[in-house]
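One structure is given below, encoded as structure tokens.
In what follows, every chain begins at residue 1, and chains take the letters A, B, ... in the order their sequences are listed.
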2 protein chains.
Amino acid sequence: MAAPTQNPERLLTPGEVATLFRVDPKTVTRWASAGRIGSIRTPGGHRRFRESEVRGLLADLTSEASNGLR
Amino acid sequence: MAAPTQNPERLLTPGEVATLFRVDPKTVTRWASAGRIGSIRTPGGHRRFRESEVRGLLADLTSEASNGLR
DNA sequence: CGTCAATAGGGTAATTAGGGGT
DNA sequence: TCTGTCCTAATTACCCTATTGA
């Protein structure tokens with residue numbers, strides 16, 4: 001089959017994002033509800049997050065530790 | 001415009017739809033059974049999904065961050 | 001006709017959503 | 001204000017075998 005469905009956008013589950021940030025999945029859910037992070041809902045209501053966006057956010061927090069930029 | 005013959009609606013397999021939503025193919029099947037997404041059945045019973053409908057649904061359920069700048 | 005990957009289906013375990021309270 | 005935990009209900013993930021599609 002190999003359908004040319006190009007979509008390199010990898011999505012992460014709340015649990016994955018929670019592991020990356022070392023927080024509870026609930027906290028990730030709150031971030032999404034607060035509009036601080038983009039979210040994609042499944043028809044069932046569960047959330048998925050863009051890996052690129054999560055990485056960007058993570059990188060921003062990392063640079064904050066060694067950089068006084070705010 | 002080099003193909004004015006027809007406009008073939010691309011059909012996606014459960015596996016491809018599952019990849020787009022980052023879920024299990026079985027979950028996509030449940031969505032079809034629950035009527036949450038339109039499905040086309042092959043004579044053998046396998047399901048196919050319209051790409052336009054899937055992408056539309058995906059875009060509709062996507063929420064971008066209000067503001068990543070801080 | 002035969003081969004290989006994907007799908008359907010049923011059942012059970014794990015994850016997630018949402019609200020409430022610390 | 002923000003986060004971690006408790007609860008229930010709903011959704012999703014993984015196990016299996018048989019059939020379909022290419």
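An OP1 or OP2 oxygen of dT7(C) is reached within less than 4.0 angstrom by no side-chain nitrogen or oxygen of R47(B). For dT12(D), the OP1/OP2 oxygens have no side-chain nitrogen or oxygen of R41(A) closer than 4.0 Å. Close to dT15(C), at under 4.0 Å from its OP1 or OP2, lies no side-chain N or O of R22(B). Within the structure, a side-chain polar atom (N or O) of T42(B) is placed less than 4.0 Å from OP1 or OP2 of dG21(D).
Side-chain atoms of E16(A) never come within 3.5 Å of backbone atoms of T13(A) as a donor-acceptor pair (strictly under, hydrogens ignored). Not one N or O on the side chain of D24(A) forms a donor-acceptor pair closer than 3.5 Å with the backbone of K26(A). A donor-acceptor pair under 3.5 Å is formed between the side chain of R22(B) and the backbone N or O of L11(A).
For P14(A) against R47(A), the heavy-atom pair with the smallest separation is CD-O, 3.2 Å. G38(A) approaches F49(A) most closely through the heavy-atom pair O-CD2, 3.3 Å. Looking at every heavy atom in both residues, A18(A) comes nearest to P25(A) through CB-N, 3.6 Å.
Taking atom CG on L61(B) and atom P on dT12(D), their separation rounds to 11 Å, with Å as the unit. Atoms CG (D24(A)) and C1' (dC6(D)) sit 12 Å apart, rounded to a whole Å. For the pair E16(B) CD and dA5(C) P, the computed distance is 17 Å after rounding to whole Å. Atom CZ of F49(B) is separated from atom P of dA6(C) by 16 Å (rounded to the nearest Å). In this structure, CG of L11(B) is placed 18 Å from P of dA6(C), rounded to the nearest angstrom. The distance between atom CD1 of I40(B) and atom P of dA8(C), rounded to the nearest whole Å, is 13 Å.
Atom CD1 in I40(A) sits 10.5 Å away from atom CG in L12(A) (nearest 0.5 Å). The CD1 atom of I37(A) sits 8.0 Å away from the OG atom of S39(A) when rounded to the nearest 0.5 Å.
For H46(B), whose side chain is taken as the heavy atoms from C-beta onward, the closest listed nucleotide among dA17(C), dG9(C), dA6(C) is dA6(C).
When base pairs are accepted only as Watson-Crick or G-U wobble with both N-N or N-O distances under 3.5 Å, DNA chain C takes part in stems of 3 or more pairs at C:3-19 with D:6-22.
Crowding of R41(A) atom CZ: a count of heavy atoms from other residues, nucleotides or ligands under 6.0 Å exceeding 12.
Using a 4.0 Å cutoff on non-hydrogen atoms, the parts of residues 26-34 of chain A near DNA chain C are K26(A), T29(A), ordered by number.
When each of R48(A) and P25(B) is assigned the nucleotide of DNA chain C with its nearest heavy atom, P25(B) is the one assigned upstream, toward the 5' end.
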